[in-house]
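Note on naming: letters A, B, ... go to the chains in the order of the sequence lines (proteins, then strands), and numbering restarts at 1 for each one. Values in this document were obtained by computation on a predicted structure and should not be read as measured data.
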Number of protein chains: 2
Amino acid sequence: MSEKVTIYDIAEKLNITAATVSRALNNNPKIKEATRELVIKTAAAMNYKQNKLALALKSGRSNNIGVIVPRIDSNFFASVIRGIEEELYPHGYQVIICQTHESIKRENENLHTLVDAQVDGIMMSVTGISNENDSAFRNVLEKNVPLIFFDRSKHIDGVSSVTINDFKGGYLATKHLIDEGCRHIAHLSGDQSLDIFKNRFLGYKQALLDNGIDFKEEYVIYTKSAVDAGKEAVDKLLQLQTPPDAIFSSSDFAALGAIQELKERNIDIPNEFCVAGFSNEPFTKFMELSITSVDQSPLEMGKMSARVFLEQVDKTDTIKIEKKVVLAPELHIRKSSTKTTF
Amino acid sequence: MSEKVTIYDIAEKLNITAATVSRALNNNPKIKEATRELVIKTAAAMNYKQNKLALALKSGRSNNIGVIVPRIDSNFFASVIRGIEEELYPHGYQVIICQTHESIKRENENLHTLVDAQVDGIMMSVTGISNENDSAFRNVLEKNVPLIFFDRSKHIDGVSSVTINDFKGGYLATKHLIDEGCRHIAHLSGDQSLDIFKNRFLGYKQALLDNGIDFKEEYVIYTKSAVDAGKEAVDKLLQLQTPPDAIFSSSDFAALGAIQELKERNIDIPNEFCVAGFSNEPFTKFMELSITSVDQSPLEMGKMSARVFLEQVDKTDTIKIEKKVVLAPELHIRKSSTKTTF
DNA sequence: AAAAATCATGTAATCGATTACACGAAAGTA
DNA sequence: TACTTTCGTGTAATCGATTACATGATTTTT
């Protein structure tokens with residue numbers, strides 16, 4: 001039925017060559033105005049559609065960009081991807097999604113697949129930082145594919161990144177808890193080989209220090225970002241000789257679990273115990289006991305990553321631009337940490 | 001530095017032709033075993049990577065599939081996409097994401113872009129059902145690109161779909177509210193030109209009928225899927241002569257808004273008023289007053305859509321297969337509608 | 001009017017891989 | 001030995017668009 005129409009078909013119909021058709025359609029100034037109009041009209045009439053694959057092969061550019069995330073069904077990553085898509089849509093790029101499910105093997109596979117598919121750029125939030133096997137990353141750089149890290153980044157020369165100031169985020173949240181009168185503040189952290197968790201921890205520590213509060217190793221619990229992990233953490237913390245009176249969690253999910261466990265034990269939040277999380281997941285706002293959390297402006301992070309990509313994509317390959325964008329975190333203070341009720 | 005290696009480079013090095021190299025790499029049985037091994041070894045040594053774009057041009061298949069959703073940063077759509085990606089990953093397909101933001105213009109643009117990009121299939125949740133301009137859809141079908149609707153579908157011959165039984169979902173939720181003793185059950189609906197909202201409404205109506213409860217037009221409010229919309233709806237409903245004692249909402253967000261507004265007015269949930277939502281968004285489970293909701297198994301829906309695509313993609317184009325998969329909804333009963341507390 | 005410049009279009013190579021067809025060499029058959 | 005298969009590889013077309021270079025037709029310049 002609807003056979004594919006090529007420029008050769010148009011050329012044949014008009015008794016000219018495909019080269020002329022191509023030039024006419026691309027607004028090449030060397031083409032006679034009359035010819036151009038005729039070609040464009042005929043192309044429309046024949047329902048011609050440019051074959052993007054042929055163009056991609058010829059130009060070496062696919063007009064696709066790849067995005068690699070641990071998983072897509074988290075509000076944070078989905079929002080970043082939304083930002084990327086929205087920013088790139090007007091430029092004609094399509095967004096290819098890959099998930100690693102926190103597997104480094106999968107991450108490497110995805111990197112290779114995307115490079116093989118000739119994407120014009122890759123934006124990713126790294127899954128692990130193990131340095132043993134950087135070959136997939138080196139492959140990307142050797143092929144001159146622009147690479148941009150967002151949120152979770154690795155230290156690689158020539159790679160741009162868009163992150164938030166996690167140190168400041170941790171500092172703000174902790175300082176807020178101190179201001180609310182808490183003096184025994186625990187911290188739920190993640191895998192500190194990842195910068196984001198390391199820096200949130202360091203911000204937490206610095207806030208304690210700046211306010212004359214001793215840092216206690218035993219107050220730091222390493223957990224997964226999951227509700228149950230938060231419950232377990234509270235269980236551990238409450239067995240300490242001096243149990244804490246507040247928690248700053250690097251994860252909203254763990255913060256939620258902590259709150260559930262504290263309620264289970266009839267501990268009054270926020271009066272006896274304050275809790276603050278990180279990421280500003282939608283549910284933190286929706287709860288009756290809304291949860292204080294640090295916002296990472298994921299939409300903006302996505303848009304910014306896309307902009308950094310657009311800046312790099314057309315530059316001459318010789319000049320390597322390495323841009324490090326750091327967004328400001330914003331603390332959303334809510335009920336879970338607001339003692340003074342009027 | 002890392003120049004692209006092609007089969008011609010390998011051929012030159014081995015003093016054979018590119019055709020032989022191609023055949024060796026594709027395990028063509030006509031190739032001498034010794035040659036095959038030599039080629040494969042040399043290819044690996046030279047770090048050869050097949051150019052997917054060239055392959056795509058030659059074969060007409062891009063190994064990409066397109067997914068079009070209203071927006072990606074909703075747990076439901078993100079989960080469906082996760083399902084699609086996971087199911088298709090082992091088959092070597094990449095997933096391209098497009099958002100419509102509920103704009104039909106955008107939907108049509110996306111359809112055309114994906115077809116032009118020669119995707120091997122399109123999975124989508126339709127944004128609108130206005131029949132005025134079906135040309136984008138017809139274009140997809142004329143080009144023989146497999147098209148699969150999930151969740152929100154349109155009636156188009158030859159198009160498969162994967163949906164849940166929305167009627168049953170509406171019925172289950174409403175029946176449950178009746179069983180809890182509610183007799184004045186209101187319904188928050190969406191744009192009923194979309195089947196999903198129409199069917200949830202019809203299920204609601206049937207459940208009332210089957211249980212001897214009169215259907216009242218004034219109890220049906222058409223809202224957007226948003227927290228504020230739920231608040232406004234409650235405001236309207238409570239002004240009625242006989243205000244309702246329960247709400248079945250087609251949207252979890254509207255249900256949440258309704259609950260917030262009811263609490264604002266010191267109405268006791270669930271004892272004075274019960275609420276049930278739809279979609280089983282994560283927050284419905286996390287709330288202290290957890291919200292009863294109908295689960296749509298989005299992950300399964302995504303996987304199923306991918307499977308339907310895989311079934312269709314290799315069939316001869318002449319035989320059009322139209323498969324309609326209907327998944328069963330599952331009611332998750334939670335605190336917002338459980339009066340009998342033990 | 002002859003030479004030079006400009007214009008519009010055609011010719012053919014190119015991007016990288018696949019594959020129908022052709023062909024010479026080796027092996028099998030009569 | 002002469003004839004037919006079979007085997008392994010080469011030749012060249014193809015997918016569809018772009019573009020450097022060539023060429024013939026106008027137009028401009030002197």
inquiry  = For a quick check of understanding: with a heavy-atom distance under 4.0 Å over all strands, which category does A/Leu53 fall into, base, sugar-phosphate or nothing?
reply    = nothing
ask   = Who are the side-chain contact (heavy atoms from CB on, under 4.5 Å) partners of B/Lys58, not counting sequence neighbours?
value = none
query = Base, sugar-phosphate alone, or nothing: which one does B/Thr6 contact when heavy atoms must sit under 4.0 Å apart?
reply = sugar-phosphate
inquiry  = If I take atom CD1 from residue B/Ile122 and atom CG from residue B/Leu114, how far apart are they, to the nearest 0.5 angstrom?
reply    = 5.0 Å
message = Suppose we screen for side-chain contact (heavy atoms from CB on, under 4.5 Å). Which residues come up paired with B/Leu299, at least two apart in sequence or across chains?
response = B/Arg82, B/Lys303
query = Is a donor on one side and an acceptor on the other found under 3.5 Å between the side chain of B/Asp120 and the backbone of B/Asn63?
reply = yes
For residues 40-57 of chain B, please give each side-chain donor-acceptor pair under 3.5 Å, one per line with the distance, not counting sequence neighbours.
unit_1, atom_1, unit_2, atom_2, d
B/Thr42, OG1, B/Leu38, O, 2.6
B/Asn51, OD1, B/Leu53, N, 2.8
B/Asn51, OD1, B/Ala54, N, 3.1

query = Quick one: ring-ring contact (aromatic ring centres under 6.0 Å, His included) pairs with a partner in residues 57-97 of chain B, sequence neighbours left out?
reply = B/Tyr93-B/Phe309
request  = Tell me what B/Lys49 touches on the nucleic acid: a base, only sugar-phosphate, or nothing, going by heavy atoms under 4.0 Å.
outcome  = sugar-phosphate
key: Residue list, side-chain hydrogen bond (donor to acceptor under 3.5 Å, both in side chains) with B/Ser160, at least two apart or on another chain   = B/Gln312
remark   = Note: contacts of residues 21-32 of chain A with DNA chain D (heavy atom, under 4.0 Å) are A/Ser22, A/Arg23, A/Asn26
ask   = Side chain of B/Asn26, backbone of B/Arg23: donor and acceptor closer than 3.5 Å?
value = no
Close residues, residues 112-122 of chain A, relative to DNA chain C [heavy-atom separation under 4.0 Å] = none
inquiry  = I'd like to know if A/Arg106 and B/Glu86 make a salt bridge, using a cut-off of under 4.0 Å between side-chain N and carboxylate O.
reply    = no
Short side-chain to backbone donor-acceptor contact, B/Glu107 and B/Thr127, under 3.5 Å = yes
ask   = Which part of the nucleic acid, if any, lies within contact of A/Thr17, taking any heavy atom under 4.0 Å across all strands shown: a base, the sugar-phosphate backbone alone, or nothing?
value = base
inquiry  = Between B/His155 and B/Asp195, is there a side-chain heavy-atom distance shorter than 4.5 Å?
reply    = yes
Partners meeting salt bridge (Lys or Arg N to Asp or Glu O under 4.0 Å) with B/Arg307 (sequence neighbours left out) = B/Glu87, B/Glu300
Interatomic distance, B/Met123 atom CE to B/Phe150 atom CZ [nearest 0.5 angstrom] = 8.5 Å
inquiry  = Quick check for you: name the first and last nucleotides of DNA chain D, 5' to 3', having an atom under 4.0 Å from a heavy atom of chain B.
reply    = D/dG8 to D/dG16
For DNA chain D, the residues among residues 54-66 of chain B that have a non-hydrogen atom under 4.0 Å from it = B/Leu57, B/Lys58
request  = Determine, for A/Lys154 against A/Asp134, whether the closest basic-nitrogen to carboxylate-oxygen distance falls under 4.0 angstrom.
outcome  = yes
task = Estimate the overall bend of the helix from C/dA1-D/dT30 to C/dA30-D/dT1 from the end axes over five pairs each, rounded to 10 degrees.
result = 50°
Residues forming a side-chain contact (heavy atoms from CB on, under 4.5 Å) with B/Ser79, sequence neighbours excluded = A/Asp73, B/Asn75, B/Pro298
